[in-house]
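What follows is a set of notes on a single structure, which appears directly below.
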Number of protein chains: 2
Amino acid sequence: MSSSELATPARRPGGRSARIRSQVLDAVGPLLVEYGYDGLTVDAVAARSGVHRTTVYRRWGDVGGLLADVLEAAEGDSWRPADTGSLQGDLTALNEEVQAGLTEDPPVALALIAASFRSEEATAALRQFWDDRYARCEPVVARAVERGELPAATDHRKLLVTATAPLYHQLVLLRTPPDPALPAEAARTAALAASAGAFTVATAEGGGKTEEQGKAG
Amino acid sequence: MSSSELATPARRPGGRSARIRSQVLDAVGPLLVEYGYDGLTVDAVAARSGVHRTTVYRRWGDVGGLLADVLEAAEGDSWRPADTGSLQGDLTALNEEVQAGLTEDPPVALALIAASFRSEEATAALRQFWDDRYARCEPVVARAVERGELPAATDHRKLLVTATAPLYHQLVLLRTPPDPALPAEAARTAALAASAGAFTVATAEGGGKTEEQGKAG
């Protein structure tokens, strides 16, 4: 679980290097949306950003490197999930953000997801971006446990995937028009299932079924 | 909700035309897996299928038309969801099939989903394919209602999206290795939420819990 701070200390010395990075990365999304993955070349990024192409090649290598760094840079924000006072409220707020992101105009997030089908580096970076987001959402589950809304041993990642997956399914795969009711519905569904113990994990301490199987081998 | 029978009567006269169709369509998946969307050309399909290129151009137009017809042809099968005797069992069986499809080798389903990000025709055809599958799964919900496992006014599509979306999320978007436990877990989650009324729709007769039980037959 590498925060962007940990992952890229050398790349964020501030000053000129950081400025060049944001100039270059700011050019990637719009080019991707406008011309698609095929139109996203290092030369096009250099031209649009005003940074010399040899600098871009040296630092990012290729389009995969550029896409990966866009996602890594996105991890560098200070985003935290909203604290609304209830599990369902927190998940609804999260889903509203997911839906807003997937329907934003220009559709940068959708374009990045589409690009992940063209580049292994982008796939890996997107997975890491989501892992980072899931980790940041852990407090949503911890708070719900504290409030007594959830069993203590609730798997936060499974709960979060269940809460958000229907939005990705509808908006990214089925590409149906956004349903304003879906964020709250999917949140309610996940909260109901979670309260019913759907994401409870057997704890190492033997929290559920006595795990005393002993390795008879 | 057009079944393939309704949608393509003219295209399935049997005999030579049907033979040509399957020869051509059988060439699409392997080419897509092997060379990607960029390597999938009408000429390549003609060459691999042994059907003359002018025939392919005349009948399918372009790659989008070919992809759409592959998906339309897939709707022509006789697939029905398994009847295991319980909602959770039916959803688990469905999810096992989804997971098997998304991890098959060669990865034709994944390649078709990836291609849907390149072609509007493929997107529309994929959406229709899934709509057809959701419709065919309606009996899973109807049977559960009959058994008293679910409220009568359960939205089958929402339940099915919730049950299957985590698999697509993990295998298509996050591209994590398949988790053998996930099909059953996601099925259990959806069944728990459904039993708790997560997918209950307000009925036209007044959204009440008192369902008019008329027309039992």
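Below, chains carry the letters A, B, ... as their sequence lines are ordered, and counting in each starts from 1.
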With a 4.0 Å cut-off on N to O distance, would you call [X] and [Y] a salt bridge?
| X | Y | result |
| --- | --- | --- |
| Asp38(A) | Arg118(B) | yes |
| Asp69(B) | Arg21(B) | yes |
| Arg136(B) | Glu75(B) | no |

Part of Phe199(B) within contact of chain A (heavy atom distance under 4.5 Å): side chain
Interface moiety of Arg175(B) toward chain A, non-hydrogen atoms closer than 4.5 Å: both
Tyr57(A), OH atom: more than 12 neighbouring heavy atoms under 6.0 Å: yes
Heavy-atom contact with chain B under 4.5 Å, split by part of Ser116(A): both
For chain B, the option from Thr123(A), Thr162(A), Leu182(A), Thr164(A) that forms the most heavy-atom pairs under 4.5 Å: Thr123(A)
Interface residue of largest heavy-atom contact number with chain B, from Leu173(A), Thr176(A), Leu167(A), under 4.5 Å: Leu173(A)
Pairwise distance CZ(Arg188(B)) to CD(Gln88(B)) - rounded to 0.5 angstrom: 6.5 Å
